Amino acid sequence: MRAVIYARYSSDLQRLASIEDQIEVCRRYIERQPGWKLVQTYDDAAISGSSTLLRPGFQKLLADAQAGGFHVVVCEALDRLGRNLSDVAGFFDKLAFKGVQVHAASVGQLTAWHVGVMGTMAQMQVADIRDKTRRGLAGRVRAGKSAGGLAYGYDVVPNPNSRDCGDRRINKAESAVVARIFRDYAAGKAPRRIAANLNA
């Protein structure tokens with residue numbers, strides 16, 4: 001049986017070594033299976049699992065599966081394949097149609113039951129993380145701090161005594177432009193005209 005490994009990590013939660021760690025766990029799993037041979041590894045580093053389209057490693061894995069390049073895919077856990085239930089279920093169905101098994105080192109061979117239950121849990125976790133992140137960012141804004149990035153009209157004030165460097169200070173030159181935009185809009189100028197004037 002020709003086996004391949006798929007590994008992925010999200011940039012906000014893990015680090016590059018996570019790929020190596022996942023591959024090692026999967027490699028050991030493959031070595032314990034009689035007659036299996038590792039022939040390829042695929043990975044997507046620092047890419048969210050919420051979409052399959054933006055993951056080149058995943059897309060290559062799927063194309064090679066369609067071409068009959070291997071018999072089994074091994075990942076560390078189901079959520080490494082993706083966190084969108086419909087994407088994972090679609091992937092599972094395509095591989096099942098080609099006779100390719102999917103195994104997770106954490107649970108063994110995956111079935112439609114695993115995909116349904118564990119895929120739903122993974123998708124719910126994404127929604128939970130998204131909601132908590134938005135809540136946290138809204139709290140920072142209410143506290144007068146930066147929610148990330150650099151907002152035009154403000155400078156971020158560094159604080160060497162704290163890891164929380166989100167204080168903001170009005171940038172006088174940029175704030176004059178912001179005030180001009182609001183004055184022009186209040187005077188009835190269309191947004192395109194305002195943008196054209198700024199560009200000019």
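What you are looking at is a predicted structure, and each value in this text was computed from that prediction instead of being measured.
- Of all non-hydrogen atoms in Gly57 and Asp44, the two that sit nearest each other are N-OD1, 2.7 Å.
- At least one side-chain heavy atom of Arg28 sits under 4.5 Å from a side-chain heavy atom of Arg32.
- Met1 CE to Gln101 CD: the interatomic distance, rounded to the nearest 0.5 Å, is 4.0 Å.
- Summarising the geometry, atom SG belonging to Cys26 is positioned 11.0 Å from atom CG belonging to Asp21; distances are rounded to the nearest 0.5 Å.
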Below 3.5 Å, can you tabulate the donor-acceptor pairs from side chains in residues 175-188 to any protein atom, sequence neighbours excluded?
residue, atom, partner, partner atom, Å
Ser175, OG, Asn171, O, 3.2
Ser175, OG, Lys172, O, 3.0

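- Scanning all heavy atoms of the two residues, the minimum distance from Phe92 to Thr111 falls at CZ-C, 3.7 Å.
- Proximity of a side-chain donor or acceptor of Gln22 to a complementary backbone N or O of Arg8 within less than 3.5 Å is detected.
- Put simply, CG on Leu95 and CG on Leu61 are 6.5 Å apart, with the number rounded to the nearest 0.5 Å.
- Here the side chains of His103 and Tyr29 are in contact, with some heavy-atom distance below 4.5 Å.
- Minimum interatomic distance between Val4 and Leu38 (heavy atoms only, all atoms of both residues): CA-CD1, 4.1 Å.
- Between Gly82 and Val88, the shortest heavy-atom contact is O-CG2, 3.5 Å.
- Note that OH of Tyr6 and CD1 of Ile19 are 7.5 Å apart. Values are rounded to the nearest 0.5 Å.
- Taken to the nearest 0.5 Å, the OH atom of Tyr42 stands 14.0 Å off from the SG atom of Cys75.
- Atom CZ of Arg2 sits in a crowded spot, with more than 12 heavy atoms from other residues, nucleotides or ligands closer than 6.0 Å.
- Neither Tyr152 nor Tyr154 shares a network with the other; the hydrophobic side chains, linked directly or stepwise wherever heavy atoms of I, L, V, M, F, W or Y lie under 4.5 Å apart, form separate groups for each.
- Closest approach of Ile23 to Ile5, counting heavy atoms only: O-CD1, 3.8 Å.
- The distance from atom CD of Glu20 to atom CG of Asp43, rounded to the nearest 0.5 Å, is 9.5 Å.
- Side-chain contact between Val102 and Leu81 is present, with heavy atoms from C-beta onward closer than 4.5 Å.
- Remark: side-chain polar atoms of Arg168 are not paired, donor with acceptor, to backbone N or O of Gly153 under 3.5 angstrom.
- Salt-bridge annotation for Arg27 and Glu24: present, with a side-chain N of the basic residue lying under 4.0 Å from a carboxylate O of the acidic one.
- Across all non-hydrogen atoms, the minimal contact from Ala77 to Ala104 is CA-CB, 4.0 Å.
- In this structure, Asn197 and Lys189 have side chains that are in contact, with non-hydrogen atoms separated by less than 4.5 Å.
- Within 6.0 Å of atom NZ in Lys98, more than 12 heavy atoms from other residues, nucleotides or ligands are found, so the atom counts as buried in its surroundings.
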